[in-house]
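All remarks here apply to the structure that follows.
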Amino acid sequence: MRKRLISTVLSVGLLAAGAAIAADPPPTSVSGVVISSGPPPKIYLSYPAEGATIPSGILVLKVIFDQTMTADGWSYDKTPDAGFPNCLGRPRMLADKRTFVLLCGVDPHQTYAIKINAVSNFKNADGRSAAPLVLHFSTDDPGVFYMQDALTNAGVASTDAPIMRWPDPDAGKTTLAGQAGN
């Protein structure tokens, strides 16, 4: 009986201690900390595709991420092993919020490489940065002379209106012809 009484007292004491612990919930917020869930964003489709040979002329470079991205961050850069196309300074995000397009010109019979997210500015809606990726492609004879043909080649429809706005002229980074931040 005595062992049973001691056991009961200990059990009640432990239950009371547990109730006291449960009465003090853990903090629900932490200042200055962002906790991202899920995998980082990655490019799952591009035009041109990795290693592709495309006609030279006008190119709409397109990258599609597997997650919703932020419109104000992007990054393209040169690599030491190949040429860099002659591109406009800023890409545009399309209405799906996962696709970026960048208007470029490419010369015939050249090899190109573009480092995408060179300085980790492509980020998803939670602020998580995409892993850098190097896209390699080459060009053939001249063949794309009209913007509509370049859009068609990239799979961009006239209904894919850009939604990107640029309140900050320094948002994102592109290296063009050796000049950073264009």
Side-chain angles (χ1 to χ4, degrees), residues 34 36-144 147 149-157 160 162-164 166 168-182:
V34 175
S36 298
S37 62
K42 62 182 175 185
I43 295 172
Y44 83 93
L45 188 65
S46 69
Y47 180 81
E50 170 62 27
T53 299
I54 61 168
S56 60
I58 301 171
L59 166 66
V60 175
L61 176 69
K62 176 174 82 170
V63 293
I64 303 175
F65 289 90
D66 64 346
Q67 301 175 26
T68 300
M69 304 298 284
T70 58
D72 60 351
W74 43 272
S75 172
Y76 297 91
D77 203 354
K78 295 182 350 177
T79 65
D81 61 336
F84 191 84
N86 183 19
C87 300
L88 293 179
R90 296 183 176 140
R92 295 293 179 249
M93 176 189 261
L94 301 184
D96 67 0
K97 297 183 180 181
R98 298 181 313 130
T99 304
F100 286 81
V101 294
L102 181 61
L103 182 60
C104 304
V106 289
D107 294 325
H109 307 286
Q110 298 293 316
T111 300
Y112 292 98
I114 301 171
K115 188 170 186 179
I116 300 169
N117 213 28
V119 292
S120 299
N121 285 336
F122 277 115
K123 295 182 180 178
N124 69 7
D126 291 329
R128 201 154 182 195
S129 183
L133 174 90
V134 178
L135 175 65
H136 300 87
F137 63 95
S138 58
T139 57
D140 204 349
D141 293 330
V144 184
M147 185 62 166
D149 293 338
L151 290 167
T152 300
N153 287 348
V156 178
D160 290 325
I163 62 164
M164 189 173 285
W166 291 104
D168 178 3
D170 293 324
K173 300 291 177 205
T174 300
T175 300
L176 302 175
Q179 298 175 355
N182 289 327

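The residues of the chain are indexed from 1 along the displayed sequence.
- Side-chain contact check for Ile114 versus Val134: every heavy-atom pair is 4.5 Å or farther apart.
- The two residues Phe65 and Ala130 have their closest heavy-atom pair at CE2-CB, 3.7 Å.
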Item to complete: Please report the C-alpha distance between Ile116 and Tyr76 in whole Å, then the side-chain angles of each, then the deciding distance to 0.1 Å, and finally whether the side-chain contact (heavy atoms from CB on, under 4.5 Å) criterion is met.
Response: CA-CA 5 Å; Ile116 300 169; Tyr76 297 91; 4.2 Å; yes

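- Across every non-hydrogen atom of Met93 and Met69, the tightest pair is CE-O, 3.1 Å.
- Side chains of Asn117 and Ser75 form a contact here, defined as non-hydrogen atoms less than 4.5 Å apart.
- Nearest heavy-atom pair across Ser129 and Ser120 is OG-CB, 3.1 Å.
- Closest approach of Thr70 and Phe100 over heavy atoms only: O-CZ, 3.5 Å.
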Discussion item. Using the rule given for side-chain contact (heavy atoms from CB on, under 4.5 Å), can you reason through Val119 versus Asp77, listing the C-alpha separation, both sets of side-chain angles and the distance that settles it, and then say yes or no?
Written reply: CA-CA 9 Å; Val119 292; Asp77 203 354; 5.6 Å; no

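- The backbone N or O of Gly105 lies less than 3.5 Å from no partner atom in the side chain of Asn86, so there is not a single donor-acceptor pair.
- Once rounded to the nearest 0.5 Å, the distance linking NZ of Lys78 with NZ of Lys115 reads 13.5 Å.
- Looking at Thr139, its side chain does come within 3.5 Å of a backbone N or O of His109 through a donor-acceptor pair.
- In plain terms, the two heavy atoms of Tyr112 and Pro85 that are nearest each other are CD2-N, 3.5 Å.
- For the atom pair Asn153 CG and Ile54 CD1, the distance stands at 8.0 Å (nearest 0.5 Å).
- Side-chain contact annotation: Thr111 with Ser138, donor-acceptor N/O pair under 3.5 Å absent.
- Side-chain contact between Ile43 and Phe122 is absent, with no heavy-atom pair separated by less than 4.5 Å.
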Under 3.5 Å donor-acceptor pairs involving side-chain atoms of residues 44-51, not counting sequence neighbours:
{"from": "Ser46", "atom 1": "OG", "to": "Pro48", "atom 2": "O", "distance (Å)": "2.8"}
{"from": "Glu50", "atom 1": "OE1", "to": "His136", "atom 2": "N", "distance (Å)": "2.9"}
{"from": "Glu50", "atom 1": "OE2", "to": "His136", "atom 2": "ND1", "distance (Å)": "3.1"}

Worksheet item: Stepwise, does the side-chain contact (heavy atoms from CB on, under 4.5 Å) test hold for Phe137 with Leu59?
Response: CA-CA 12 Å; Phe137 63 95; Leu59 166 66; 3.8 Å; yes

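- One distance of note links NZ of Lys62 with CG of Leu94; it measures 8.0 Å at 0.5 Å rounding.
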Discussion item. Apply side-chain contact (heavy atoms from CB on, under 4.5 Å) to residues Val60 and Leu103 and explain how you reach the verdict.
Written reply: CA-CA 5 Å; Val60 175; Leu103 182 60; 4.2 Å; yes

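- Here the closest heavy-atom approach between residue Ile58 and residue Met147 is recorded as CD1-N, 3.9 Å.
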